[in-house]
Undergrad: 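Next up is a structure, given as structure tokens.
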Amino acid sequence: MTALRSALEEKVVARIRDRRDELVALVGELVACDTTSRNYNEPARDEEKLQTILARRLGALGAETDLWVPEPVREGHRNLPPGMRFDGRPQLAAHVAGGAGGRSLLLNGHIDAVDVEPRADWTSDPLVATARDGRLYGRGVNDMKGGIACLVTALEVLREEGVRLGGDVVFCTVTDEEMGGAGGFAAVEHGVRADAGICAEPSALNVEAACRGGLPITVTALGRTGHAELAHPDWREGGPVNAIEKLLPVLLEVQRMREDWRTRPDHQHPLLPPGDIVPTIIAGGTWVVTIPHECTVTLDVTYLPGHLDAEGTGRAVEREITDRLRAAVADDPWFDEHPLRIEFIQDVVPAEVPADHEIVQLALGAAGDLGHDPRVTGLDTWHDAATFTRFGTPTVSFGPDCENSHAVDESVSIDSLVDCAAAVALIAMRWCGVRGQT
Ligand SMILES: [Zn+2]
């Protein structure tokens with residue numbers, strides 16, 4: 001059942017439904033490009049090829065396309081790893097001009113996808129989008145090459161139906177979302193912005209209006225090496241010190257902090273779970289009969305939009321963690337001369353768009369008019385929408401359904417792809433306004 005507002009909206013939605021097979025084919029073309037996320041500065045794969053496919057499609061609509069390779073990340077960048085390069089991994093911004101004076105809309109997606117391992121466990125080749133029982137399977141079909149194909153389809157159908165929007169649409173696809181959002185950051189530094197934005201991350205046509213931030217940290221305890229199994233003098237007289245054991249009070253304090261954050265008022269949010277601090281990697285020791293001289297734990301820290309300071313950083317969270325971990329070892333004189341090494345790797349900043357913002361309400365309305373029952377939700381992890389929101393473009397995630405994101409047999413329902421494309425077309429018409437048909 002649909003409740004569309006005009007004959008033109010009916011026509012656009014019907015046309016998108018007719019284009020189901022072409023939409024699926026475009027997802028397949030994007031999935032076939034290997035754009036696996038990698039560690040920083042590993043060589044590029046098919047990122048340029050994929051962005052060029054999109055640039056051509058957008059160019060054919062008369063969009064002014066800008067495909068650029070950002071400068072390497074400058075030293076001292078708080079949000080991105082300094083020295084990170086983008087060689088072979090361009091970003092794309094395509095401007096579809098609308099009438100003067102109307103509101104502009106950003107349509108965003110990330111082209112990187114996580115790796116396909118364990119590849120042997122997939123039912124079908126993860127780089128060949130394969131339809132079975134109304135669903136499409138393949139790496140990135142929901143996160144988020146499917147969503148990108150929906151954005152392209154929406155714009156193509158608006159063009160085919162001669163819809164003249166009252167404001168510009170900025171289509172922007174970026175790299176490196178899965179690694180902390182470097183492409184999205186590069187896009188805002190390049191000047192990509194609009195009056196509001198839709199990021200087509202999979203959301204089952206719900207509106208994800210808030211997300212947590214991330215603050216990965218490594219904490220290293222130093223020790224002093226020596227032969228295990230032998231008697232040694234006290235450490236004050238030069239004896240060995242076990243760095244793995246020195247990290248124990250740190251791990252216990254991390255556990256206490258997690259418990260504390262679960263109930264502390266500043267960690268409560270209507271759409272998001274409390275912040276969290278989780279040990280995810282531990283490394284120490286070199287040999288089975290050698291006292292380890294160093295042990296490092298990596299902590300995955302998440303925090304809420306309310307924790308941002310006046311400059312929009314997570315420094316207050318950093319300070320709390322630093323103070324508590326140092327206090328946890330303060331009684332141990334070893335640390336006076338060998339202090340804990342606490343290193344903050346990257347501040348991936350959270351953001352939220354108020355639930356009563358018009359872009360949130362328009363997205364809800366569009367999905368509702370197509371027969372869905374959408375909700376405003378939060379995203380427990382992070383998305384590029386946060387970066388655009390933070391730099392002046394209130395952006396929500398709104399995309400198709402998803403199953404097994406980042407896992408074996410990732411899939412998306414084809415119906416939800418079609419409805420997502422239709423909803424995006426409706427949002428564009430309602431946000432930018434329609435100045436007539438050509
Ligand atoms: Zn994603």
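As the structure is a computational prediction, the values presented were derived from the model and not from experiment.
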Undergrad: Would you say the side chains of Asp34 and Thr36 form a donor-acceptor pair under 3.5 Å?
TA: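 Side-chain D/A pair, Asp34 to Thr36: present.
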Undergrad: Using a distance-only test with no angle check, is there a side-chain donor-acceptor pair under 3.5 angstrom linking Trp382 and Glu178?
TA: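 No - no donor-acceptor pair under 3.5 Å links their side chains.
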Undergrad: Could you tell me which residues satisfy side-chain hydrogen bond (donor to acceptor under 3.5 Å, both in side chains) with Asp112, sequence neighbours excluded, listed by chain and number?
TA: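 By the side-chain hydrogen bond (donor to acceptor under 3.5 Å, both in side chains) rule, Asp112 matches Ser37, His110.
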Undergrad: Is any side-chain heavy atom of Leu308 closer than 4.5 Å to a side-chain heavy atom of Thr313?
TA: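 In short, these two side chains do not touch, never coming nearer than 4.5 Å.
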Undergrad: Taking all non-hydrogen atoms of both residues, which atom of Pro279 and which atom of Val297 are closest, and how far apart?
TA: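 The pair with the smallest heavy-atom distance is CB-CG2, 3.9 Å.
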Undergrad: When you check the side-chain N and O atoms of Ser405 and Asn142, is any donor under 3.5 Å from an acceptor?
TA: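 There is such a pair (donor and acceptor under 3.5 Å, judged by atom type) between the side chains of Ser405 and Asn142.
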Undergrad: Applying the side-chain contact (heavy atoms from CB on, under 4.5 Å) criterion to Leu222, which one of Lys246, His293, Arg341, Glu337 satisfies it?
TA: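 Of Lys246, His293, Arg341, Glu337, side-chain contact (heavy atoms from CB on, under 4.5 Å) with Leu222 is met by Arg341 alone.
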Undergrad: How would you list all residue pairs meeting ring pair (Phe, Tyr, Trp, His ring centres under 6.0 Å) that involve residues 228-260, not counting sequence neighbours?
TA: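 Matches after skipping sequence neighbours: Trp235-Trp334.
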Undergrad: Do the numbers put Arg193 on top of the ring of Phe388, so that NZ or CZ is under 6.0 Å from the six-membered ring centre and no more than 45° off the axis?
TA: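 Arg193 over Phe388 ring: no.
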Undergrad: Flag the pair Pro292 / Asn242 as yes when at least one side-chain heavy-atom distance between them is below 4.5 Å, and no otherwise.
TA: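 With C-beta onward as the side chain, the pair touches.
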Undergrad: Aromatic rings His190 and Trp68: how do their planes relate, parallel, tilted or perpendicular, breaks at 30° and 60°?
TA: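 Because their plane-to-plane angle is under 30°, the rings of His190 and Trp68 count as parallel.
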Undergrad: Looking at residues at least two apart in the chain, or sitting in another chain, which of them share a side chain to side chain contact (heavy atoms under 4.5 Å, CB included) with Thr218?
TA: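 Partners of Thr218 under the side chain to side chain contact (heavy atoms under 4.5 Å, CB included) test: Thr296, Thr298, Glu343, Ile345.
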Undergrad: Do the non-hydrogen side-chain atoms of Gln361 and Leu364 ever get within less than 4.5 Å of each other?
TA: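 Touching, per the 4.5 Å side-chain cut-off.
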Undergrad: Examine the side chains of Lys49 and Thr35 and answer whether a donor and an acceptor come within less than 3.5 Å of each other.
TA: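 Absent: no donor and acceptor within the cut-off.
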Undergrad: Treating Arg212 as the side-chain partner and Leu379 as the backbone partner, does any N or O pair qualify as donor plus acceptor under 3.5 Å?
TA: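 No: the side chain of Arg212 does not pair with the backbone of Leu379.
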Undergrad: Do Tyr303 and His267 make the cut of ring centroids closer than 6.0 angstrom?
TA: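 No - the distance between ring centres of Tyr303 and His267 does not fall below the 6.0 Å cut-off.
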Undergrad: Kindly indicate, with the supporting measurements, whether the criterion side-chain hydrogen bond (donor to acceptor under 3.5 Å, both in side chains) is fulfilled by Asp409 and Thr123.
TA: CA-CA 7 Å; Asp409 285 349; Thr123 308; 2.7 Å; yes
Undergrad: Quick one: do the Thr173 and Gln91 side chains pair a donor with an acceptor below 3.5 Å?
TA: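 Judged by distance alone, the side chains do not pair up.
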Undergrad: Find out whether Glu71 and Glu189 are in side-chain contact, i.e. whether some heavy atom of one side chain is under 4.5 Å from a heavy atom of the other.
TA: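 Heavy-atom side-chain distance check fails, nothing below 4.5 Å.
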Undergrad: Would you name the heavy atoms of Pro70 and Arg89 that are closest together and state the gap between them?
TA: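 Shortest heavy-atom separation between Pro70 and Arg89 comes out as CD-O, 4.3 Å.
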Undergrad: Side-chain donor-acceptor pair under 3.5 Å between Glu352 and His269, yes or no?
TA: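 Yes, because at least one side-chain N or O of Glu352 sits under 3.5 Å from a partner of the opposite role on His269.
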Undergrad: Do the non-hydrogen side-chain atoms of Val170 and Leu105 ever get within less than 4.5 Å of each other?
TA: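 Result no, sub-4.5 Å side-chain heavy-atom pair not found.
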Undergrad: Side chains of Leu30 and Leu50, heavy atoms from C-beta outward: is any pair under 4.5 Å?
TA: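 Heavy-atom side-chain distance check passes, below 4.5 Å.
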Undergrad: Is any side-chain heavy atom of Leu340 closer than 4.5 Å to one of Val329?
TA: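 Val329 reaches Leu340 side chain to side chain.
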Undergrad: Using side-chain contact (heavy atoms from CB on, under 4.5 Å), reason through Val301 and Ile321 one step at a time and then give a plain yes or no.
TA: CA-CA 10 Å; Val301 177; Ile321 294 168; 3.9 Å; yes
Undergrad: What's the shortest heavy-atom distance between Ala421 and Ala154, and which atoms?
TA: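 Heavy atoms only, the tightest pair is O-CB, 3.5 Å.
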